[in-house]
Amino acid sequence: MTVDTPNPRLRTFGSRTAGPGRPVYVVGEIGINHNGDLGNAFALIDAAADAGCDAVKFQKRTPEICTPRDQWDIERDTPWGRMTYIDYRHRVEFGEAEYRSIDEYCAKRGIDWFASPWDTEAVAFLEKFDVPAHKVASASLTDDELLRALRATGRTVVLSTGMSTPKQIRHAVEVLGSDNILLCHATSTYPAKAEELNLRVINTLQEEYPNVPIGYSGHETGLQTTLAAVALGAAFVERHITLDRAMWGSDQAASVEPGGLARLVRDIRTIETALGDGVKRVYESELGPMKKLRRVRGDLASV
Ligand SMILES: C=C(OP(=O)(O)O)C(=O)O
């Protein structure tokens, strides 16, 4: 009897699995691009599901914890009128009723959803749902309290590594443990310039963490560099998505619109198929061209 040894480089996301040899797990990052409007969130879920994404992602904050106290009362102009920063933070945050609707809608569309909690109360909030994973935003990589709370959930944790040093990443991996995590290369500028994407870090991370799948969270404009990340072996890809790059909100301009998202997922699927298994072989389909084009024919059976 043969016993299957679990592959230490695979991670579960609900019913899907990510890691080497598996389809790239593609995430449409809604973040707060819904601008606090459930209709926008549903339209973005539709765009991601229609494009063939595996999941959509949100950001969940407890505004009083995540907003520095000295920023609360600063007034700003918003599409909903002039308001204090803390009121604005509440305006773009969904509560339990909205997430229940999102949960139902995603199930109906056959797409996963999860979020990056930015504080431990947000972790407890998300744990009310059967999410397939949690994510640590690059900005939270040094928040040991948050990392410990996430480790305790036992779920897959995606750790984004933008704005972080190798030493900080090593420490975060120690706190989270390496068994359940997926590391994401990222550059935390919006939009990120090509000369600062440094995509070869995907390989550097893979060498340092051989038993951890490596992914890519991109904030660049355009799609080609994200496709290059897939060609370099990214097992997970996340891009911000928007209904319209001109919409109000700090992340909209560096996000991908529905048409671009559909092209991105289509091309990721082509690349992952085209990468193959690395074993050199002569395909049956090459025999015709070989017969026609090769002047000196070797005996296939003897070489
Ligand atoms: C900001 C986030 O992630 P990243 O650092 O990958 O952009 C996030 O997931 O909320």
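Indexing begins at 1, ligand by ligand and atom by atom, following the structure's order. All residue numbers refer to positions in the sequence shown, counting from 1.
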To the nearest 0.1 Å, how far is [atom] from its closest protein heavy atom, and which atom is that?
atom                   : value
atom 7 (O) of ligand 1 : H219 NE2, 2.6 Å
atom 5 (O) of ligand 1 : S138 OG, 2.6 Å
atom 6 (O) of ligand 1 : S160 OG, 2.5 Å
atom 3 (O) of ligand 1 : K135 NZ, 2.7 Å

TODO: Only heavy atoms count here, so choose which of S116, A115, S164 is nearest to atom 10 (O) of ligand 1.
DONE: S116
Task: For M247, side-chain contact (heavy atoms from CB on, under 4.5 Å) partners two or more places apart - done: N35, N40, T242, L243, D244, Q252
Task: Structural part of F114 in contact with ligand 1, heavy atom criterion under 4.0 angstrom - done: neither
Task: Residue portion contacting ligand 1 (non-hydrogen atoms closer than 4.0 Å) for A137 - done: both
At less than 4.0 angstrom from any non-hydrogen atom of [X], what atoms of ligand 1 do you find?
X    : result
W118 : 1 (C), 10 (O)
K57  : 8 (C), 9 (O), 10 (O)
E29  : 8 (C), 9 (O), 10 (O)
S217 : 4 (P), 6 (O), 7 (O)
Y190 : 7 (O)

TODO: Cation-pi check, K135 to F114: give yes when NZ or CZ is under 6.0 Å from the six-membered ring centre and within 45° of the ring axis, no otherwise.
DONE: no
Open item on the list: Taking distance alone, with N or O pairs closer than 3.5 Å, would you say Q59 contacts ligand 1?
Closed with: yes
Task: Ring centre gap for W113 and Y99 strictly below 6.0 Å - done: yes
TODO: Would you check if the distance from the ring center of H34 to the ring center of F42 is below 6.0 Å?
DONE: no
Sidechain-backbone polar pair: [X] side chain, [Y] backbone, donor-acceptor under 3.5 Å:
X    : Y    : result
T270 : R266 : yes
H240 : I30  : no
D143 : D119 : no
E257 : R245 : yes

Open item on the list: With the threshold set at under 4.0 angstrom, would you say M163 reaches ligand 1 through any of its heavy atoms?
Closed with: no
- [ ] Would you mind telling me which of L150, V158, L183 makes a side-chain contact (heavy atoms from CB on, under 4.5 Å) with V136?
- [x] L150
